[in-house]
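Ligands are counted one by one from 1 in listed order, and the atoms in each one are counted from 1 as well.
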Amino acid sequence: MQHVQGLKCLVCGKLHHPEAVDYVCPDHGDEGVLDVIYDYDVINRQFNKEYLLLSNDFSIWRYRPLLPVDPRIAVPGLSIGWTPLYPAQRLSADLGLKNVYVKDDGRQPTASFKDRASAIAVVKAKEKGARIITTASTGNAAAALSGLCASMQQANVIFVPETTPQAKIAQLLVFGSHVFLVKGSYDDAFELCLQATREYGWYNRNSGFNPYMTEGKKTAAYEICEQMEWQAPDCIFVSVGDGSIIGGLHKGLKDLQALGWIDKMPRLMGVQASGSSYLYAAWKNSEDILTKKPIQAHTVADSISAGLPRDRIKALAAVTETAGAFICVADNDILAAIPELARCTGVFAEPAGAAAYAGLLKAVDQQLVSGNETIVVLNTGNGLKDVAGAMQAVELVGTQPFRVDPDIKALQQFVDNW
Ligand SMILES: *Cc1c(COP(=O)(O)O)cnc(C)c1O
Ligand SMILES: [Zn+2]
């Protein structure tokens with residue numbers, strides 16, 4: 001691959017040959033997260049915005065010359081990416097803002113943002129001739145890998161915490177993965193998966209470990225900018241667990257800047273749950289993320305529950321280098337944001353998806369955004385992923401169904417009271 005120069009360690013800066021290293025810097029263990037480095041001159045010679053105008057591929061593969069995959073390997077048939085970006089007028093008006101947009105990645109084939117990364121994982125695994133792919137996940141990355149593997153007839157082994165919401169476990173079982181429910185946290189599942197990778201030589205998709213996952217996630221930034229006709233927004237709100245999505249958005253925006261396709265870097269706003277706020281705390285207190293100890297994570301937003309964010313180096317850089325911010329929101333605010341976002345836009349988010357919107361509300365409150373800025377809120381997961389969470393949310397805001405006898409007179413009593 002001519003356009004990939006190497007894999008750069010974010011701890012020591014060493015550039016590794018892509019064929020020499022699969023995951024992390026050999027000199028820095030699991031901390032030595034790698035970044036894929038491109039030759040933008042090579043890319044610019046083969047690819048430009050006009051080429052995209054002519055493309056009828058409405059998936060992440062429309063950006064294939066910007067992705068670290070061998071063009072000879074077939075990509076999955078499932079349609080990944082090019083999710084809608086909705087102008088949210090009513091929501092904007094309610095908040096005293098002018099231009100809020102919602103990008104809905106709940107519309108991916110397995111109903112979360114994670115499909116973008118898993119699509120790259122299955123192609124890399126084919127490239128490397130892997131027999132089995134594995135991942136640890138809070139649920140969505142697993143479901144995404146599971147679905148993509150099913151579409152490619154690829155064997156896979158999944159590790160998720162036993163507390164993972166039912167819908168996500170159902171997806172894994174329906175797609176026919178080998179599923180291990182780990183009696184412990186996501187962090188425990190992650191460690192077990194790493195050990196299995198070393199022991200059995202499986203191909204590993206873990207976020208913040210496999211450097212190519214960022215490259216799948218960055219496609220959302222390309223889409224946002226292309227959908228806005230290459231006028232980059234002023235800020236993007238996204239929820240943060242491992243920090244891999246926000247790192248991916250940053251990477252995508254840096255690519256577009258390097259290519260000269262956008263002339264402004266949006267501020268990246270990372271939203272964490274108050275019970276899983278490792279990165280918020282590190283950012284606020286200027287702590288060293290290479291030595292800061294893991295925390296005990298606990299939040300209703302299971303997808304952003306991470307005691308030790310695996311992609312913390314990229315996540316922190318995403319916020320600091322774009323003059324963005326981390327924002328911390330309470331579980332009740334996350335839950336309340338589910339029906340509020342849904343009622344303003346028709347987009348039904350799982351708790352971690354709605355957290356991004358809860359973060360925007362807090363940012364308005366703290367005057368971190370101003371009225372005429374263009375703001376994108378990224379919904380990362382579909383509300384049907386966590387029905388128990390949704391039911392808790394409507395209960396919290398006092399919405400109930402009415403139980404009625406199948407009789408028009410019984411109904412009339414309710415109607416009379418309105
Ligand atoms: C994984 C996930 C996130 C957080 O992404 P990180 O890369 O872990 O920060 C947010 N929302 C949903 C729905 C997710 O599945
Ligand atoms: Zn290193």
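At a cut-off of 3.5 Å, with distance as the only test, a side-chain donor of Tyr203 or Asn210 sits close to an acceptor on the other residue. At a cut-off of 3.5 Å, with distance as the only test, a side-chain donor of Glu340 or Tyr357 sits close to an acceptor on the other residue. Using modelled atom types and a 3.5 Å distance limit, the side chains of Asp104 and Asn379 yield a donor-acceptor pair. Side-chain contact, Thr83 with Asp105: a donor N or O sits under 3.5 Å from an acceptor N or O. Under the 3.5 Å distance criterion, with hydrogens and angles disregarded, a donor-acceptor pair is assigned to the side chains of Asp288 and Thr291. Looking at Glu215 and Tyr38, their side chains do bring a donor and an acceptor atom within 3.5 Å of each other. Side-chain contact of Asp30 with Tyr23: a donor-acceptor pair under 3.5 Å is absent, judged by distance alone.
One N or O on the side chain of Gln108 and one on the backbone of Gly81 form a donor-acceptor pair closer than 3.5 Å. Not a single donor-acceptor pair under 3.5 Å links the side chain of Ser277 to the backbone N or O of Tyr280.
Protein heavy atom in closest approach to atom 11 (N) of ligand 1: Thr380 OG1, 2.7 Å. Residue, atom and distance of the protein heavy atom nearest to atom 3 (C) of ligand 1 are Lys114 NZ, 3.5 Å. Nearest protein neighbour of atom 5 (O) of ligand 1, counting heavy atoms only, is Ile245 CD1, 3.3 Å. Summary of contacts: the protein heavy atom closest to atom 10 (C) of ligand 1 is Ser239 OG, 3.1 Å.
Annotation for ligand 1: atoms under 4.0 Å from non-hydrogen atoms of Ala352 are 11 (N), 12 (C), 13 (C). Of all atoms in ligand 1, numbered sequentially from 1 with element shown, those under 4.0 Å from a heavy atom of Ser244 are 6 (P), 7 (O), 9 (O). In the vicinity of Gly241, heavy-atom distances shorter than 4.0 Å reach the ligand 1 atoms 4 (C), 6 (P), 8 (O), 9 (O). Counting atoms of ligand 1 from 1 in the listed order, those under 4.0 Å from a heavy atom of Val240 are 9 (O). The Gly381 neighbourhood of ligand 1 comprises atoms 13 (C), with distances under 4.0 Å to a heavy atom of that residue. Taking every non-hydrogen atom of Gly243 and a distance limit under 4.0 Å, the qualifying atoms of ligand 1 come out as 6 (P), 7 (O), 8 (O), 9 (O).
Contact between Ser207 and ligand 1 is absent, with no heavy atom of the residue lying under 4.0 Å from the ligand.
Residue Lys385 does not touch ligand 1, judged by heavy-atom distances below 4.0 Å. Under 4.0 angstrom from ligand 1, the non-hydrogen atoms of Ile304 all belong to its side chain. Residue Asp242 touches ligand 1 through backbone and side chain together, judged by heavy-atom distances below 4.0 Å.
Polar contact check, Asn140 against ligand 1: a nitrogen or oxygen pair lies under 3.5 Å apart. Geometrically, ligand 1 and Gly353 share no nitrogen or oxygen pair separated by less than 3.5 Å.
In terms of distance to the Zn ion (ligand 2), the nearest N, O or S atom of His28 is named ND1.
Cys25 contributes SG and Cys12 contributes SG; the angle these two atoms make at the Zn ion (ligand 2) is 120°, rounded to 10°.
Side-chain contact between Val33 and Lys314: present, with at least one pair of heavy atoms (C-beta onward) separated by less than 4.5 Å.
A salt bridge is absent between Glu223 and Arg62; no separation between the charged side-chain nitrogens and carboxylate oxygens falls under 4.0 Å.
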